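Given the structure is predicted, the values throughout are model-derived calculations rather than measurements. What's counted below: heavy atoms across the whole structure, side chains too, no hydrogens, waters or symmetry copies.
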Amino acid sequence: MTTTTADRADLVAESRVPGKGSREGKGVATTAHIALILWSLLVILPLLWTLLSSFKSTQEVLGNPLTLPHKLRFENYANAWTTAGIGRYFANTVIVVGCALVLVMILGAMCAYVLARFTFPGNRLIYYSMLAGLTFPVFLAIVPLFFTLKNFGLLNTLPGLIVTYVAFALPFTVFFLHSFFKALPGEIYEAAQIDGAGEWRTFFSVMLPMARPGMASVAIFNFLGLWNQFLLPVALNTDSKNYVLSQGMASFASQAGYAVDFGALFAAVVITVAPVLVVYIIFQRQLQVSVTAGGVK
């Protein structure tokens with residue numbers, strides 16, 4: 001006991017010696033905090049400036065963009081929503097992204113589950129083919145996609161855009177969920193089979209809920225990617241009635257030339273960005289849980 005107490009006293013004394021681990025730890029912590037503060041400012045300040053500019057007139061934005069608005073011009077949001085057509089583009093985006101997200105999550109989860117839990121001829125070939133889809137640049141597929149959608153009568157339509165979104169989000173979804181289903185204990189699957197549950201019941205009632213953290217994370221990533229998609233809509237959806245938000249924003253910024261209503265333009269930017277922030281704030285806990293679970297695995 002005496003030796004143990006002495007050893008502890010020596011350790012405490014060493015930790016108090018200048019230049020030891022405590023000072024180095026404080027230096028690393030201080031540097032990390034400074035870096036995080038700078039990074040936060042780089043992210044928050046542009047968003048704050050955009051929000052404030054959405055309540056200004058064009059003269060205020062061009063005259064002195066760094067000042068506060070003289071009064072809150074909520075009519076900028078009304079003009080962006082109605083006059084600029086952002087409301088219609090927003091509805092189109094919700095339809096396309098919502099339908100594509102539901103389809104890709106269901107199909108991706110089912111595909112990842114089968115590839116991870118069952119052994120059959122061609123299993124690895126299908127899996128690696130999915131991975132190959134992650135390395136395929138989108139712009140190389142534009143021409144084949146254009147003629148394929150045209151032949152099926154889906155060019156310049158929302159269903160055609162939904163199918164295209166699903167096709168390009170599916171490889172990442174399968175790749176992300178494969179490890180989650182692979183790590184699920186086989187005993188639970190066997191217990192469900194013993195209780196008389198079929199394959200469909202086992203998947204939807206037992207295995208899928210256990211992969212909820214991974215499902216939440218990949219849903220957030222897919223939502224962000226599909227919501228901000230620009231190249232595919234521009235190439236495959238040229239009908240202005242079916243524009244999504246990314247196309248609508250580009251059209252709104254360029255249609256008036258030098259007579260752009262900057263207040264309404266910044267209001268449209270806020271409308272476009274707000275759903276992404278809301279989704280992330282709501283599901284950030286699930287994202288953290290899934291990252292932690294993935295690190296443990």
Is there a side-chain contact between [X] and [Y] (heavy atoms, below 4.5 Å)?
X: Phe181; Y: Phe203; result: yes
X: Val97; Y: Gln229; result: no
X: Pro185; Y: Met210; result: yes
X: Arg73; Y: Glu60; result: yes
X: Leu208; Y: Met215; result: yes

Between [X] and [Y], is there shared hydrophobic-cluster membership here, with clusters defined by ILVMFWY side-chain heavy atoms closer than 4.5 Å?
X: Leu170; Y: Leu140; result: yes
X: Ile37; Y: Leu45; result: yes
X: Val279; Y: Ile271; result: yes
X: Phe175; Y: Tyr128; result: yes
X: Val61; Y: Leu68; result: no

Any donor-acceptor pair under 3.5 Å linking the side chain of [X] with the backbone of [Y]?
X: Ser251; Y: Gln247; answer: no
X: Asn222; Y: Val166; answer: no
X: Ser217; Y: Gly214; answer: no
X: Asp195; Y: Ala197; answer: no
X: Thr58; Y: Phe262; answer: yes
X: His33; Y: Ala29; answer: yes
X: Asn228; Y: Leu224; answer: yes

Would you compute the distance between atom [atom1] of [X] and atom [atom2] of [Y] and round it to the nearest 0.5 angstrom?
X: Ile126; Y: Leu131; atom1: CD1; atom2: CG; result: 12.0 Å
X: Phe146; Y: Asn151; atom1: CZ; atom2: CG; result: 10.0 Å
X: Cys111; Y: Leu115; atom1: SG; atom2: CG; result: 4.5 Å
X: Leu149; Y: Asn237; atom1: CG; atom2: CG; result: 10.0 Å
X: Asn156; Y: Tyr243; atom1: CG; atom2: OH; result: 9.0 Å
X: Arg117; Y: Leu184; atom1: CZ; atom2: CG; result: 5.5 Å

Discussion item. Parallel, tilted or perpendicular: which one describes the rings of Phe118 and Tyr113, with boundaries at 30° and 60°?
Written reply: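 Aromatic pair Phe118/Tyr113 classed perpendicular.
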Worksheet item: Going by the angle between their ring planes, with limits at 30° and 60°, are Phe180 and Phe176 parallel, tilted or perpendicular?
Response: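 Parallel, since the angle between the ring planes stays under 30°.
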For [X] versus [Y], what's the shortest heavy-atom pair and its separation?
X: Val276; Y: Thr272; value: CG2-O, 4.2 Å
X: Thr135; Y: Ala132; value: OG1-O, 2.7 Å
X: Ala219; Y: Leu101; value: O-CD1, 3.8 Å
X: Pro233; Y: Ser246; value: CG-OG, 4.4 Å
X: Cys99; Y: Ile162; value: CB-CD1, 3.7 Å
X: Leu154; Y: Pro159; value: CD2-CB, 4.3 Å

Fill in: side chain to side chain contact (heavy atoms under 4.5 Å, CB included) partners of Ala141, counting only residues at least two apart
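Ala141 satisfies side chain to side chain contact (heavy atoms under 4.5 Å, CB included) with Phe136, Leu145, Phe168 once adjacent residues are dropped.
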Worksheet item: Listed by chain and number, what are the side chain to side chain contact (heavy atoms under 4.5 Å, CB included) partners of Leu277, not counting sequence neighbours?
Response: Val273
Worksheet item: Are the aromatic rings of Phe266 and Phe55 close, with centres under 6.0 Å apart?
Response: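 No, the ring centres sit 6.0 Å or more apart.
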Discussion item. For the aromatic rings, using the six-membered ring if either is Trp, is the centroid distance between Trp227 and Tyr89 under 6.0 Å?
Written reply: no
Discussion item. Could you work out, with ring pair (Phe, Tyr, Trp, His ring centres under 6.0 Å) as the rule, every residue matching Phe230, not counting sequence neighbours?
Written reply: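 Applying ring pair (Phe, Tyr, Trp, His ring centres under 6.0 Å) to Phe230 gives none.
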Discussion item. Going by the rule ring pair (Phe, Tyr, Trp, His ring centres under 6.0 Å), which residues pair with Phe139 if we only count those two or more places apart in sequence or in a different chain?
Written reply: none
Discussion item. Suppose the criterion is side chain to side chain donor-acceptor pair (under 3.5 Å): which pairs have a residue in residues 157-172, not counting sequence neighbours?
Written reply: none
Worksheet item: Restricting to pairs with a member in residues 196-207, which pass side chain to side chain donor-acceptor pair (under 3.5 Å), not counting sequence neighbours?
Response: Tyr189-Glu199, Gln193-Thr202, Arg201-Ser205
Practice prompt. Verify the neighbour count for atom CZ of Phe147: are there more than 12 heavy atoms of other residues, nucleotides or ligands below 6.0 Å?
Written response: no
